[in-house]
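Read through the structure below, which is laid out as structure tokens, and then see the notes.
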Amino acid sequence: MKKTRRICALTMAVLVIVCIAASASLIAYEADHDCTGPDCPICAAVAMCTNALRLLSCAAFVSFAALPAWICRKLRASRPSEPAFKSTPVALKVLLLN
């Protein structure tokens with residue numbers, strides 16, 4: 001199960017990198033094309049590639065923003081001797097009848 005998850009994650013990472021490279025290369029290659037007007041298929045393709053790069057950059061920003069929380073969680077899990085929560089009345093099973 002863990003091995004298939006790693007393979008799936010690696011495949012997804014490679015596909016994202018290929019998408020970024022293909023989009024950037026198409027934008028660079030077709031930057032100075034002869035536009036045929038408002039229904040230009042090359043302009044539509046460049047717009048789709050620009051939109052894909054914009055969406056991937058937003059996803060990368062969210063991933064990097066969540067990275068410190070993930071690191072803290074992993075560091076917290078590596079110290080099992082320390083409880084994950086402080087002692088509370090519920091954890092101590094204290095009845096509060098007042």
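- Here I17 pairs with nothing under the side-chain contact (heavy atoms from CB on, under 4.5 Å) rule; sequence neighbours left out.
- No side-chain heavy atom of E30 sits less than 4.5 Å from a side-chain heavy atom of C49.
- In this structure, C58 SG and L53 CG are separated by 11.0 Å, a value rounded to the nearest 0.5 Å.
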Report, one line per pair, each donor and acceptor closer than 3.5 Å where one atom sits in a side chain of residues 18-29; sequence neighbours left out.
{"from": "S23", "atom 1": "OG", "to": "C19", "atom 2": "O", "distance (Å)": "2.9"}
{"from": "S25", "atom 1": "OG", "to": "A21", "atom 2": "O", "distance (Å)": "3.1"}
{"from": "S25", "atom 1": "OG", "to": "A22", "atom 2": "O", "distance (Å)": "2.9"}

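- Atom OG1 of residue T11 and atom CG of residue L15 lie 7.0 Å apart, to the nearest 0.5 angstrom.
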